[in-house]
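Computed from heavy atoms alone, side chains included, the values below leave out hydrogens, waters and symmetry copies. Chain naming here is simple, since letters A, B, ... match the order of the sequence lines and numbering starts at 1 in each.
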2 protein chains.
Amino acid sequence: MPDSTTTSPAASPADAAAPRRGRGRPGYDQETVLRRAIDLFNRQGYDATSVTDLANELGLSKSAVYHHVSSKSDLLEQALDEALDSLDDALTAARTAPDASAYTRLRLAVTGSVQTLMDNLPAVTLLLRVRGNSELEEKALARRRAIDDALAQMVRDAVDEGALRADIPPELISRLLFGQVNSLTEWVRLDGRYDAARLAEAITAIAFDGLHA
Amino acid sequence: MPDSTTTSPAASPADAAAPRRGRGRPGYDQETVLRRAIDLFNRQGYDATSVTDLANELGLSKSAVYHHVSSKSDLLEQALDEALDSLDDALTAARTAPDASAYTRLRLAVTGSVQTLMDNLPAVTLLLRVRGNSELEEKALARRRAIDDALAQMVRDAVDEGALRADIPPELISRLLFGQVNSLTEWVRLDGRYDAARLAEAITAIAFDGLHA
DNA sequence: GTCTATATCCTGATAGAC
DNA sequence: GTCTATCAGGATATAGAC
């Protein structure tokens, strides 16, 4: 029953994944356990998901799960780090774009955020639902706030440059603009109906040019 | 320690609240317990909040809480019903606006949603975080889907009318537009910094006219 | 790598005294 | 209206056999 021979289709770029051995009992590798855990956390909520639930999902006993992972919160930590690292990367790329106006950098930040969100949808979805319920979650929220602050600064720069309307506070523009981006996690599916490029295009079109015909 | 003499500042319009008696042991009324519970659910997450947590928040024992409320899920149900009923009302008002174009009705739906969200912020916040983890939550999600479908239809009507751009699928417009509205629950505070009218104005300005200067 | 069995604690909920 | 005491079940996590 366990789909142990297929590696995760969207493996994290972090920690070069443990090589699949060609012999011996297949079992699970840590990466697969992590992917299944993240999916389950997103379906049921992290707190509502017990290690028993994860064991059932994997077709293992609870103790066998603890062979693969040191704790439930460790799975959460790996997922949140993956999401935050990839968002950091996207943001840094947008901020350091050469020969770009503040307006262009902001557009890059939006499209880059959408792309990152879609590339790491499960982990980012989990991140956006964290409520600061433990030390671990508090730290993740702090990193998220830093990212949000940097995005707000990019909006401010674009307003100062004269590219964006000045009748709405930049902080509010930033909240609403990236609220729209983040709301993707509430409904988007990786079934090919909408790809990242198409979504980024729609969001930038609506946000910058408006909905009017 | 319990702040039992002050009534909830934003009492629900539902079930005429139990009248505060002027004599006898003050204690809590059900409405206050509900408000404090919703706040706690929003801070920690519903599943992560135990009845013991709620008891501590109220300065009561766990059993005393059960004197006021029949179960933890009953508190959730009341909150979700409040949120869904108020959203239904706002939506119906927008849909049945007399002598209005589809475009005008859509704008009414947006401003009405923002107003409702701000008027019932804790309950609506809780609603938007429900993941379908029980029969109760599934039913709430079904009602939410019906509301989302109605909103999508309003967008479709406005596109058909020629008021909105037709190069983006109406379903996508609807998701992004109301994703922006719903993202308010992630950061907005009832501290008077932004009121509902101002937020609705900013959202409709950005969404319909765009961010360009 | 997976299992059974177990330890320890906390969960939602109830009974009954004051 | 609040309390202490208690219940049955489930939580995370560990020990040790195979």
Side-chain angles (χ1 to χ4, degrees), chain A residues 1-7 17-34 36-37 40-41 44-78 133-137, chain B residues 1-7 17-34 36-38 40-41 44-79 133-137:
Chain A
M1 187 62 94
D3 185 20
S4 55
T5 54
T6 59
T7 52
R20 268 328 357 251
R21 305 152 306 304
R23 59 179 59 198
R25 193 159 178 187
Y28 289 102
D29 58 17
Q30 290 178 42
E31 186 61 26
T32 304
V33 173
L34 176 60
R36 302 281 283 262
L40 204 52
F41 292 161
Q44 307 187 347
Y46 173 75
D47 290 297
T49 302
S50 69
V51 177
T52 302
D53 291 337
L54 178 56
N56 290 342
E57 168 91 358
L58 293 168
L60 296 180
S61 73
K62 191 165 47 163
S63 297
V65 172
Y66 277 103
H67 174 80
H68 293 285
V69 69
S70 63
S71 72
K72 183 180 151 183
S73 66
D74 184 60
L75 288 166
L76 179 63
E77 184 167 24
Q78 289 183 59
N133 224 323
S134 61
E135 283 277 328
L136 181 74
E137 297 189 7
Chain B
M1 189 61 94
D3 186 21
S4 56
T5 53
T6 59
T7 51
R20 266 337 345 257
R21 304 154 306 306
R23 60 179 63 201
R25 194 162 177 180
Y28 288 102
D29 58 17
Q30 290 178 43
E31 186 61 26
T32 303
V33 172
L34 176 60
R36 302 281 284 262
I38 294 176
L40 205 52
F41 292 160
Q44 307 188 345
Y46 174 76
D47 291 297
T49 303
S50 69
V51 178
T52 302
D53 290 337
L54 177 56
N56 290 342
E57 168 89 0
L58 293 167
L60 296 180
S61 72
K62 190 165 52 163
S63 298
V65 171
Y66 277 102
H67 173 81
H68 294 284
V69 68
S70 62
S71 72
K72 183 181 154 182
S73 65
D74 184 60
L75 288 166
L76 180 61
E77 183 166 26
Q78 289 182 59
N133 225 323
S134 63
E135 282 278 328
L136 181 74
E137 297 188 8

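For the side chain to side chain contact (heavy atoms under 4.5 Å, CB included) test, residues two or more places apart in sequence or in another chain that qualify with B:Val69 are B:Val65, B:Asp74, B:Leu75. Scored by the side chain to side chain contact (heavy atoms under 4.5 Å, CB included) test, A:Asn56 finds A:Thr52 as partners (sequence neighbours excluded). Taking B:Glu57 as the reference, B:Arg36, B:Arg43 meet the salt bridge (charged side-chain N to carboxylate O under 4.0 Å, His left out) condition, with sequence neighbours excluded. In terms of the side chain to side chain contact (heavy atoms under 4.5 Å, CB included) criterion, residue partners of A:Ser63 (sequence neighbours excluded) are, by chain and number, A:Ser61. Under the side chain to side chain donor-acceptor pair (under 3.5 Å) criterion, B:Ser134 pairs with no residue at all, not counting sequence neighbours.
Between B:His67 and D:dT2 there is no side-chain polar atom (N or O) within less than 4.0 angstrom of OP1 or OP2.
Put simply, CG on B:Asp74 is 12 Å from P on C:dT14, counting in whole angstrom units. Regarding A:Gln44, its CD atom lies at a distance of 14 Å from the C1' atom of D:dA11, rounded to whole Å. The interatomic distance linking A:Asn56 (CG) with C:dC3 (P) rounds to 11 Å, in whole Å. Here D:dT4 presents its P atom at 11 Å from CG of B:Leu60, a figure rounded to the nearest Å.
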Does the protein touch nucleotides 12-18 of chain D at the base, only the backbone, or not at all? Give it as B, S and - per nucleotide, heavy atoms under 4.0 Å.
BBBB---
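Between B:Leu76 and B:Glu137, the closest side-chain pair of non-hydrogen atoms falls below 4.5 Å.
Of all nucleotides listed (D:dT2, C:dT4, D:dC3), D:dC3 comes nearest to the side chain of B:Ser61.
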